[in-house]
Chemist: 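Shown below is the structure under consideration.
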Number of protein chains: 2
Amino acid sequence: MTSVEEPARPNGRIRDAARTKAEILDVATKEFARSGFAGARVDEIAARTRTTKRMIYYYFGGKEQLFTAVLERAYSVIRQAEQELDVEHLDPVAAIRRLAEVTFDHHERHPDFIRLVSIENIHEAEHIAASEKLGRIGSPALDVIRRILESGQRSGLFTADVDAVDLHAMISSFCFFRVSNRHTFGALFGRDLVAPDLREHYRKMLGDMVIAYLTADRAAD
Amino acid sequence: MTSVEEPARPNGRIRDAARTKAEILDVATKEFARSGFAGARVDEIAARTRTTKRMIYYYFGGKEQLFTAVLERAYSVIRQAEQELDVEHLDPVAAIRRLAEVTFDHHERHPDFIRLVSIENIHEAEHIAASEKLGRIGSPALDVIRRILESGQRSGLFTADVDAVDLHAMISSFCFFRVSNRHTFGALFGRDLVAPDLREHYRKMLGDMVIAYLTADRAAD
DNA sequence: TCTCTAATGTACGAACTAGTACGTTAGTGA
DNA sequence: TCACTAACGTACTAGTTCGTACATTAGAGA
């Protein structure tokens, strides 16, 4: 998330459209993630900014479009991370494990993103649906998974009946749930899924699970 | 969810505290699930009821407590279902698979519950924390898992290093994500995880995954 | 140096929203 | 049948909250 932190010139206002816009997005991201769409207050977002509410409407048009812009930027970050994925030189098993770890790490490092996605799901993805940008950008991770999967299946290492989207769902669900449901799970079962000393445990567990699934002999059950 | 649907006596108001309360809870469940906590409108809830807003405050005290009551009832439903779980006569592999299926089915049948839990997580489980009822009722499912796991590990069928809470998290994460993130996942990857014709596929996939994980030879990777 | 516009600030309003003061009545128990 | 209370309805308010009309200015280009 491109943060904004230039020391403003001593006094008198400075004009910098890009900075103002980015600062609004930064603050809005935190506010929406904290309070949900309806719970977030436009006035509050403005107050935490060096500019005024007027600018939110000037640049984004309204609360709804602001949220869409926040989502767009949040998704662009994860796509960037996926694009930097470099696992194709590894053997299939190591590659999948690495991919799972990178996904795991990204979810852990971006709890605000998780919350935004949860919120967007409450709203049935209407902002994604309305967004030009978000509509037409398939996940780079998916292509990577597809290639690893093919390679693993060709060599007979992986069972044949697995599809890239499904595997992505499997990996994401664990990573996502661990962060998104941390609070209710913790309150009900007394275990903090995001506790630092359990991090390695769950990271390994995810990898073990995915590899076990991919290499299992389905006849065995 | 105990629905209310008695044909009101022709005209003249009827007094029935239990019915009124239950009706408010029914409507509030839908409203909160649809719009989130902040997005839900007390007036709207009242309007969809045969009674008035006054009664919401009379019986529940306020919006916050109403949401807590909604959550309490929603959780009681899943606990009931878990209590009816009868798998201990099966062998460990079949028992775990059955447990996974029951969890899968319950999530699918109660999307409103999933949404409420998502919403409660946005609010960092503050209502659960504040609730007497919800605090002290460990999941019956957890005990069942514990017993199956022990049995499976004793017989050498399952790998030893698995814990009941972790397994519950693994199963829940897949079931939960499939419903909770249905919309964003569908919008971004073009696959409806809850499409009826994929139901059996994902139900089997979950079972395969869990069993593969439990029976895998960890040295293999 | 002058002009013109993108960028910015202030002040306000209309609509909404949680919550309540006050009054009414059904129906139960004496 | 009478009194009393739990259950209910109406009308209102105080405070928010999104959005905008109007005024101003920094600074790029002529």
Chemist: Which of these nucleotides, D/dG9, D/dA6, C/dT8, is closest to any side-chain atom of A/M55?
Modeler: C/dT8
Chemist: Expressed in angstrom and rounded to an integer, what is the separation of B/K53 atom NZ from D/dA7 atom C1'?
Modeler: 18 Å
Chemist: Give me the residues of residues 56-71 of chain B where at least one heavy atom lies under 4.0 Å from an atom of DNA chain D, by number, or none.
Modeler: B/Y58, B/Y59
Chemist: Under 4.0 Å between a Lys/Arg side-chain N and an Asp/Glu carboxylate O for A/E101 and A/R203?
Modeler: yes
Chemist: Could you work out, with salt bridge (charged side-chain N to carboxylate O under 4.0 Å, His left out) as the rule, every residue matching A/R182, not counting sequence neighbours?
Modeler: A/D192
Chemist: Heavy atoms within less than 4.0 Å of DNA chain C: which residues of residues 122-129 of chain B have one? Give them sorted by number.
Modeler: none
Chemist: Which whole-number value in Å describes the distance from B/R19 CZ to D/dA7 P?
Modeler: 13 Å
Chemist: Test of understanding: with side-chain contact (heavy atoms from CB on, under 4.5 Å), list the residues that count as partners of A/F60, not counting sequence neighbours.
Modeler: A/K21, A/I24, A/L25, A/L66, A/A69
Chemist: Which of these nucleotides, D/dC8, D/dC18, C/dA7, is closest to any side-chain atom of A/A17?
Modeler: C/dA7
Chemist: Charged N to carboxylate O under 4.0 angstrom, B/K53 versus B/D43?
Modeler: yes
Chemist: Side chains of residues 75-82 of chain B: which donor-acceptor partners sit under 3.5 Å, not counting sequence neighbours?
Modeler:
{"from": "B/S76", "atom 1": "OG", "to": "B/R73", "atom 2": "O", "distance (Å)": "2.8"}
{"from": "B/E82", "atom 1": "OE1", "to": "B/S139", "atom 2": "OG", "distance (Å)": "2.9"}
{"from": "B/E82", "atom 1": "OE1", "to": "B/A141", "atom 2": "N", "distance (Å)": "3.4"}

Chemist: Name every residue in residues 34-46 of chain A that has at least one heavy atom under 4.0 Å from any atom of DNA chain D, in order of residue number, or write none if there are no such residues.
Modeler: A/A40, A/R41, A/V42, A/D43
Chemist: From C-beta outward on B/R54, which listed nucleotide comes closest to its side chain: D/dC18, C/dG9, D/dC8?
Modeler: D/dC8
Chemist: Just jot down the ring pair (Phe, Tyr, Trp, His ring centres under 6.0 Å) partners of B/F176, sequence neighbours excluded, or say none.
Modeler: A/F177
Chemist: For B/D86, enumerate each residue passing the side-chain contact (heavy atoms from CB on, under 4.5 Å) test, keeping only those at least two apart in sequence or located in another chain.
Modeler: B/H89
Chemist: By the salt bridge (charged side-chain N to carboxylate O under 4.0 Å, His left out) test, which pairs, at least two apart or in different chains, include something from residues 164-180 of chain A?
Modeler: A/E108-A/R178, A/D166-B/R191
Chemist: Tell me, please, which residues at least two apart from A/V102 pass side-chain contact (heavy atoms from CB on, under 4.5 Å).
Modeler: A/L85, A/R98
Chemist: Kindly say if A/T52 contacts the phosphate of C/dT8, meaning a side-chain N or O under 4.0 Å from OP1 or OP2.
Modeler: no
Chemist: According to side-chain hydrogen bond (donor to acceptor under 3.5 Å, both in side chains), who are the partners of A/E72, at least two apart in sequence or on a separate chain?
Modeler: A/S131
Chemist: With A/I122, which residues qualify under side-chain contact (heavy atoms from CB on, under 4.5 Å), at least two apart?
Modeler: B/R115, B/S118, B/I119
Chemist: In whole Å, I'd like the distance from the CZ atom of B/R15 to the C1' atom of D/dA7.
Modeler: 4 Å
Chemist: Rounded to whole angstroms, how far apart are CZ on B/R50 and C1' on D/dG9?
Modeler: 16 Å
